[in-house]
Amino acid sequence: MKLPVFDFHCDTALNLAGGPGHPASTLRRNDGHIDLERAATLDGYCQCFACFTTTWENLPAGESVEEIFRRTLDAAILQMEKNSDYIRHAYSAAEVRENYAAGKMSGILTIEGPAGFGFDPAMLEQLHAIGFRASTLGWNEKNPLTGSNVTGGGLTDLGREYVRQCQRLGIAVDVSHISDEGFWDIMRITEKPIIASHSNSRAVHPCARNLTDDMFRAICETGGTAGFNMFAFFIGENVTLDTCCDHILHFLELDPDGRHISLGGDLDGCDVLPADFAGVQDYPKFAAALRARGVDDALLHRIFWDNALEVLDKCTI
């Protein structure tokens with residue numbers, strides 16, 4: 001059975017934008033983890049393209065973090081426009097479904113770290129109009145909104161305002177990279193489903209970037225989802241696709257119907273992938289590994305496609 005793939009997180013937009021000593025790549029064909037020619041081998045494909053900025057960046061000489069954000073955004077939009085025979089910029093789950101029915105892939109814009117617009121909730125309305133549909137509150141730094149998984153520290157008053165504005169507009173709040181304190185602060189005020197776009201199980205591999213069982217259960221209770229991250233550092237030691245399955249199977253112990261598990265590969269944003277997984281074209285290998293561990297095709301379809309679309313529906317209405 002071939003499966004469509006909805007992936008909640010990648011860093012490909014950074015490669016498309018390029019930078020000093022790093023020429024811009026094309027979305028159609030490149031030597032990274034994701035390109036459209038390889039994605040076309042899947043049954044269908046929707047990719048969330050993160051525009052990443054952080055106050056920890058080593059900024060190119062003469063370029064502000066705001067300029068980097070704009071350049072990355074422009075590159076992502078331009079490459080979708082140039083490759084419209086393959087992919088369309090989608091603004092909703094309904095458009096993703098329409099594109100899939102028409103034989104087209106979909107691209108959705110997301111925010112990883114609001115440093116590129118000064119952590120300003122007032123900017124979110126404009127960004128929503130451009131097409132952003134999910135946002136973390138930061139990366140690995142402490143910032144005006146919250147602490148991170150590296151620094152610790154919960155939400156500030158501005159962070160609470162940011163969460164409420166995202167949810168008012170229809171931008172999904174993404175808790176990947178946030179501190180444990182910040183996570184629970186969000187859970188106390190959320191009015192919509194919460195996503196962890198690229199976070200695994202801390203019970204399987206004890207890494208601060210991963211979710212505790214209680215965190216995953218809390219995400220389930222909101223109607224949200226956790227996207228499985230293919231970065232080996234968040235999976236375990238000597239990582240294989242079977243190791244990846246351990247995380248999914250543990251989440252299934254907590255969520256037996258598998259309604260709150262999805263994909264968030266972190267592709268083009270990670271240094272080491274599991275053995276036998278080299279990029280987007282290998283998601284069917286992951287599906288085959290899960291099938292070999294007893295996950296049936298209906299459940300695989302939910303994890304690889306349906307769950308993400310359902311959460312997007314709930315968050316953006």
Side-chain angles (χ1 to χ4, degrees), residues 4-14 16-17 27-28 34 36 39-40 42 44-53 69-114 116-117 120-137 162-174 176 191-195 197-198 223-225 227 262-265 280 304-317:
V5 169
F6 188 119
D7 186 324
F8 257 122
H9 183 82
C10 75
D11 287 295
T12 307
L14 280 173
L16 301 179
L27 189 55
R28 194 177 198 90
I34 291 173
L36 297 176
L42 305 172
Y45 184 51
C46 176
Q47 181 63 60
C48 292
F49 292 102
C51 290
F52 166 75
T53 51
F69 180 77
R70 173 53 64 180
R71 184 162 55 79
T72 305
L73 169 59
D74 289 346
I77 291 175
L78 177 63
Q79 284 296 316
M80 285 192 281
E81 290 174 348
K82 281 188 171 182
N83 294 285
S84 59
D85 54 331
Y86 273 112
I87 192 168
R88 295 172 180 168
H89 181 183
Y91 294 77
S92 66
E95 289 188 0
V96 174
R97 295 185 182 99
E98 290 169 6
N99 293 343
Y100 176 66
K104 301 288 186 181
M105 306 179 208
S106 294
I108 295 174
L109 296 173
T110 65
I111 297 161
E112 184 177 32
F117 50 95
D120 184 359
M123 291 293 297
L124 288 169
E125 189 161 3
Q126 178 182 340
L127 294 168
H128 179 268
I130 291 169
F132 285 96
R133 291 298 179 266
S135 178
T136 70
L137 271 71
Y162 191 95
V163 168
R164 293 186 177 106
Q165 179 72 337
C166 279
Q167 295 189 335
R168 184 185 71 79
L169 292 168
I171 297 173
V173 173
D174 180 357
S176 287
E191 296 181 351
K192 288 193 176 181
I194 293 297
I195 68 170
S197 65
H198 54 305
T225 188
S262 53
L263 303 176
V280 65
F304 277 63
W305 187 253
D306 300 327
N307 291 342
L309 285 171
E310 289 174 8
V311 169
L312 196 62
D313 274 330
K314 295 172 186 174
C315 288
T316 58
I317 289 173

Is any side-chain heavy atom of Gln79 closer than 4.5 Å to one of Ile87?
no
Considering all heavy atoms, the nearest Cys166-Leu124 contact:
SG-CD1, 3.7 Å
Considering non-hydrogen atoms only, spot the tightest contact between Ala90 and Glu95 and give its length.
CA-OE1, 3.5 Å
Would you compute the distance between atom CD1 of Ile171 and atom CZ of Arg133 and round it to the nearest 0.5 angstrom?
7.0 Å
For Thr12, all residues meeting side-chain hydrogen bond (donor to acceptor under 3.5 Å, both in side chains), sequence neighbours excluded:
Asp268
Does Gly170 offer a backbone N or O that forms a donor-acceptor pair with the side chain of Thr316 under 3.5 Å?
no
Testing the basics here: between Thr72 and Ala17, what is the closest heavy-atom pair and its distance to 0.1 Å?
CA-CB, 3.9 Å
Apply the test side chain to side chain contact (heavy atoms under 4.5 Å, CB included) to residues Phe304 and Leu42: give CA-CA distance (whole Å), side-chain angles for both, the deciding distance (0.1 Å), then the verdict.
CA-CA 11 Å; Phe304 277 63; Leu42 305 172; over 6 Å; no
Can you list the residues that meet the side chain to side chain contact (heavy atoms under 4.5 Å, CB included) rule with Glu81, with sequence neighbours excluded?
Ile77, Leu78
Specify whether Tyr100 and Trp305 have parallel, tilted or perpendicular ring planes, treating 30° as the upper limit for parallel and 60° as the lower limit for perpendicular.
tilted
The test is side chain to side chain contact (heavy atoms under 4.5 Å, CB included); show your working for Asp174 and Ile111 and say whether it passes.
CA-CA 9 Å; Asp174 180 357; Ile111 297 161; over 6 Å; no
Test of understanding: with side chain to side chain contact (heavy atoms under 4.5 Å, CB included), list the residues that count as partners of Ala40, not counting sequence neighbours.
Tyr86, Met105
Walk me through whether Asp7 and Val280 qualify under side chain to side chain contact (heavy atoms under 4.5 Å, CB included).
CA-CA 9 Å; Asp7 186 324; Val280 65; over 6 Å; no
Can you check whether Ser106's main-chain N or O pairs, donor with acceptor, with Asn99's side chain at less than 3.5 Å?
no
Thr225 and Asn307 side chains, donor-acceptor separation under 3.5 Å
no
Nearest heavy-atom contact between Ile195 and Ala172 is CD1-CB, 4.3 Å
Student check: side-chain heavy atoms of Gln165 and Met123 closer than 4.5 Å:
no
Taking every non-hydrogen atom, the tightest pair across Glu112 and Ala50
CB-CB, 4.0 Å
Within a reach of under 6.0 Å around CZ of Arg97, are more than 12 heavy atoms found that belong to other residues, nucleotides or ligands?
yes
Does any non-hydrogen side-chain atom of Thr110 lie less than 4.5 Å from one of Thr136?
no
Counting distance only, does the side-chain N/O of Lys192 pair as donor-acceptor with the main-chain N or O of Gln167 below 3.5 Å?
yes
Rounded distance [0.5 Å steps], OH in Tyr91 versus NE2 in His128:
10.5 Å
Measuring from atom NZ of Lys104 to atom CG of Asn83, what distance do you get when rounded to the nearest 0.5 angstrom?
10.5 Å
Measure the shortest side-chain to side-chain distance between Val311 and Phe6 over non-hydrogen atoms and say whether it is less than 4.5 angstrom.
no
Could you go through the side chain to side chain contact (heavy atoms under 4.5 Å, CB included) check for His89 and Leu109 one step at a time?
CA-CA 8 Å; His89 181 183; Leu109 296 173; 3.7 Å; yes
As an exercise, state the distance from CZ of Phe132 to CG of Leu73, rounded to the nearest 0.5 Å.
4.5 Å
Here the gap from His9 atom NE2 to Ile108 atom CD1, rounded to the nearest 0.5 Å, amounts to 14.0 Å
Return the CG to OH distance between Asp120 and Tyr162, rounded to the nearest 0.5 Å.
9.5 Å
Any side-chain to backbone donor/acceptor pair from Ser176 onto His198? Under 3.5 Å, distance only.
yes
